[in-house]
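Step one of this worksheet: look at the structure below.
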Amino acid sequence: MTDAGDQETSDYDIQSIQAKWQAYWEAEGTFVTRDDDPRPRKYVLDMFPYPSGDLHMGHAEAFAFGDIVARYWRQRGCNVLHPIGWDSFGLPAENAAIQRGANPVTWTYDNIAQQRESFRRYGVSFDWSRVLHTSDPEYYKWNQWLFLRLFERGLAYRKESWVNWDPVDQTVLANEQVLADGTSERTGALVVKKKLTQWYFRVTEYADRLLDDLNQLEGAWPSRVLQMQRNWIGRSIGADVDFVIEGRDEPVTVFTTRPDTLYGATFMVVAPDSDLAAELVAGSSDEVRMAFEAYLERTGRLTEIERQDAERPKTGVPLGRWAINPLSGERLPIWAADYVLADYGHGAVMAVPAHDQRDLDFAREFDLPVRVVVDTTAPVTGAVPVIVTDPATGEPMQPVDLAEIDPAVTGKALAGDGRLINSGPIDGLSKQHAITRVIELLEERGTGRAAKNYRLRDWLISRQRFWGTPIPIIHGADGELVPVPEDQLPIVLPPTDGLDLKPKGQSPLGAATDWVEVPDPRDGSPARRDPDTMDTFVDSSWYFLRFLSATDDTRAFDPAAAERWAPVDQYVGGVEHAILHLLYARFITKVLFDMGLVSFTEPFSALLNQGMVLGTDGKKLSKRSGEGATFAGQLEEHGADALRLALAFAGPPEDNIHWDDVRPAAAARFLGRAFRLAADVSSPPEAVWQDGDLALRRATHRFLAEGAQLAESLKFNVLVARLMELSNAIRRTVESQGPADPAVREAVEVLTIGLSLFAPHTAEEMWERLGHAPSVATAGWRRPDPALLVEDTVTAIVQVNGKVRDRLEVPAKIADAELEALARASENVQRAIGESQIVKVIVRAPSLVNIATKG
RNA sequence: GCCGGUGUGGCGGAAUGGCAGACGCGACCGACUCAAACUCGGUUGCCCGAAAGGGCGUGUGGGUUCGACCCCCACCACCGGCACCA
């Protein structure tokens, strides 16, 4: 790879330069962060990698971005914390181990060693003294500690429920791990529903805060991610309404976002797979019961995708029971239908077919009555009923003939706003006012209340697999859940010898007899450990705090260190975690806040979601699509600096990029030119810049000012372009003024400092060539001289009717009148005006004159 | 269906109310070379023109403005999220 380079530019051999400076940084501890450093602190973090083989191009991009930010703030004189660790528990290790009959421990730590070496060769400025692996007992001990804290606060609990089951990995999944098409995020297998007792974290208790606090992140997180989180939490505001059921003591509560349409309810629907349906039908005739059983059986056979297909015709069976409308007293038949979900709201709805499309589809299918209670053609004018008059005649308007838009006929539900009709005490009100009024009426009667509902479900955290954090709970013989006493933590995984790790629907830990059978902490009687392990997203929900005191074996993290460093100033990672990891980390942070352990409620103050690196086929670069673009291969062929620079230059960091558009060879060419500039500089380090070429000095200082802004707004691609412009300007000056011009030295030094964010090895070598002591990483971003940021002369543009007709070199301090006179005098301008009349002249000295003409 | 985002040369992109296309890739021409590669220099939105210069041009149609890639309205296309969520 280096044959051409060897003979021609023996000076710039990137591989030996890399090795030299990597060894230097390591020996000097250049990037080790000290807590007692008094400078302003910045915490820059990339989402830690999962050790599944070597690093790939996605890592190369993401970690380049994180490193640019870290290196920028270091140049700005900050004490930067930029740690690294591994998210090293999880199924790929376990599955790989099963396939090869190997040990997940060996597989995992071998991969970590390889990735670690790759990071080192990539020249990422990590503080290696704080490395953590979530699969180390020293780490997962604190996972268990965290679980116990949630358990004692009632935020970790067990319940039986319908859960998502991955038939390939043979374990349950969190809602967040099931993709929109009903397949497993991990294995791609079609997820099936199973009724199981599992461990949950009570995320829903934090739903409001998780939603409302997103407002704090506006502008600092990508709007796409904020939107996705809001969608996922899915708050609906409305009312709970209690319906008395004939022949049942307890009323049935339903949630609705449209309490205003209560008078339009003509039947009630319950989810067929709910306990409520089973109970209600138990009180019905044999005939009804048999029809229901058959229906329930049929529903159970549907896949999740089939069931969620909104186009599918509505199905259902009557339950032979009746509900009483709490306001109108009307008797409503109760049906079971699978378009109502057991686990949202109360698993039952009041059906208002005139104003809800799903209810209407169902009503039309089964010939149930449709009653319009909102005249959506009526103007909405206010709170009190008013008689609307015809503006033409002044006569009171007759109620609109609704036949034309009758949902029973058109099949289209009337979802819009309007004026209430057929609704007794709320007739005439607008939708909004009717909602308020109905809730008041229900509350007065004690048969309903304002309510909220969420799409978000509690986080299912138990997994029936081996390679994860054991859940620190002991099941007493009496069925009690006994927390493991803290002094017995960590509960360390048993050795894999003799354990069958194959997925079989139950945790392999249950078969480790010596491990699972323990005395009950209460009285020493025989008891069993919980055999499940935790979702690895628990591990990653707080790891950013562990870095702050990574070796402290007395606590999960040091609150004083958290106070100093956290929250993370800049977080960098893929959009695939827009919901999963980020939601969980936000949740755990709020729990820690409630525990008084941290003083902030959001873990990541700013977030950069880097795009993906795609192959020509538009798919994520993988070993399969290949195209020769492996991380290791590119590192070998072009070197770390060219790869980093090319990735940063390929486009805005948040956009996906195609590997074809990443040009490491072009980046290497640019680095070679920059390096030669440093070699060309022939003035001494103490040269007086003020004596140098003014135009170049201006360009240099403009770069200092603009480059800083670009770095802070994460516009790395533009920042690289500015470095190239500066480099071009320097070359021109070398040609015209010679390499001894002090302005050339100044500019090359600034270029080197700028390059140190992207191409740290080349920059170090240039810095040394320039006669400076290492390291350029801490040389400092120079302050632009304000005097050099203002120009003496500027190019004014002269427009006629908005079209540019001339350009004038004018003094920057030119007066409006003078500029206008010059503009009018221009030959091109006169020609453009011709015979037309000048109607208006806009002058914005010194940059613009616009002459508007007529005729 | 609901919500959000994006549309600029052959390509990646820059410009957030004031010179559209910075910077780079690619292409073409030239220098170096026996030759090629590398490297270096030049040209490069489209159309008319020898040139000067002119016309057109930021998805489409309209609007606001002296002036619009940028702001407003409508539409089209693509991408993403959610979706039988009551």
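The sequence lines fix the lettering, A, B, ..., with proteins before strands; numbering per chain opens at 1.
Atom P of B:U39 sits at a distance of 24 Å from the matching atom of B:G45, rounded to the whole Å. When the C1' atom is compared between B:G49 and B:C56, the two are found 15 Å apart, to the nearest whole Å. Comparing B:C75 with B:A22, their P atoms sit 35 Å apart, to the nearest whole Å.
Checking B:C23, B:C82, B:C40 against every side-chain atom of A:Phe649, the shortest atom distance belongs to B:C23. Closest approach to the A:Met724 side chain among B:C84, B:U39, B:G24 is made by B:G24 (side chain taken as heavy atoms from C-beta onward). Side-chain proximity of A:Lys715 to B:A22, B:G81, B:A15: nearest is B:A15. Among the nucleotides B:C84, B:C23, B:G55, the one closest to the side chain of A:Arg805 is B:G55.
Distances shorter than 4.0 Å separate none of the side-chain N or O atoms of A:Asn231 from OP1 or OP2 on B:C2. Residue A:Asn656 places no side-chain N or O under 4.0 Å from the OP1 or OP2 atom of B:G12. For B:C23, the OP1/OP2 oxygens have no side-chain nitrogen or oxygen of A:Arg722 closer than 4.0 Å. A close approach under 4.0 Å does occur between a side-chain nitrogen or oxygen of A:Arg669 and OP1 or OP2 of B:C25. OP1 or OP2 of B:C40 sits under 4.0 Å from a side-chain N or O of A:Arg673. Under 4.0 angstrom from either OP1 or OP2 of B:A86 there lies at least one side-chain N or O belonging to A:Ser236.
The base of B:G5 is not paired with the side chain of A:Gln227 by any donor and acceptor separated by under 3.5 Å. A:Asn850 contributes a side-chain N or O that forms a donor-acceptor pair with the base of B:C66 under 3.5 Å. For A:Arg663 and B:C25, a side-chain-to-base donor-acceptor distance below 3.5 Å is absent, hydrogens and geometry of angles not being considered.
Aromatic ring pairs are classed by plane angle as parallel below 30°, tilted from 30° to 60° and perpendicular above 60°; the pair A:Phe366 and A:Phe362 is tilted.
Residue A:Phe758 contributes atom CZ, which lies 15 Å from atom P of B:G24 at whole-angstrom precision. Between the CG atom of A:Asp343 and the C1' atom of B:A86 there is a distance of 13 Å, rounded to whole Å. B:G12 atom C1' lies 11 Å from atom NE2 of A:His658, rounded to whole Å.
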Inset, instruction - Evaluate salt bridge (charged side-chain N to carboxylate O under 4.0 Å, His left out) for A:Arg312 paired with A:Asp338, printing each intermediate quantity in order. - result: CA-CA 11 Å; A:Arg312 192 167 55 95; A:Asp338 63 7; 3.2 Å; yes
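Using a 4.0 Å heavy-atom distance criterion, A:Arg230 is classed as making no nucleic acid contact.
B:G9 adopts a syn glycosidic conformation, its chi angle falling within 90° of 0.
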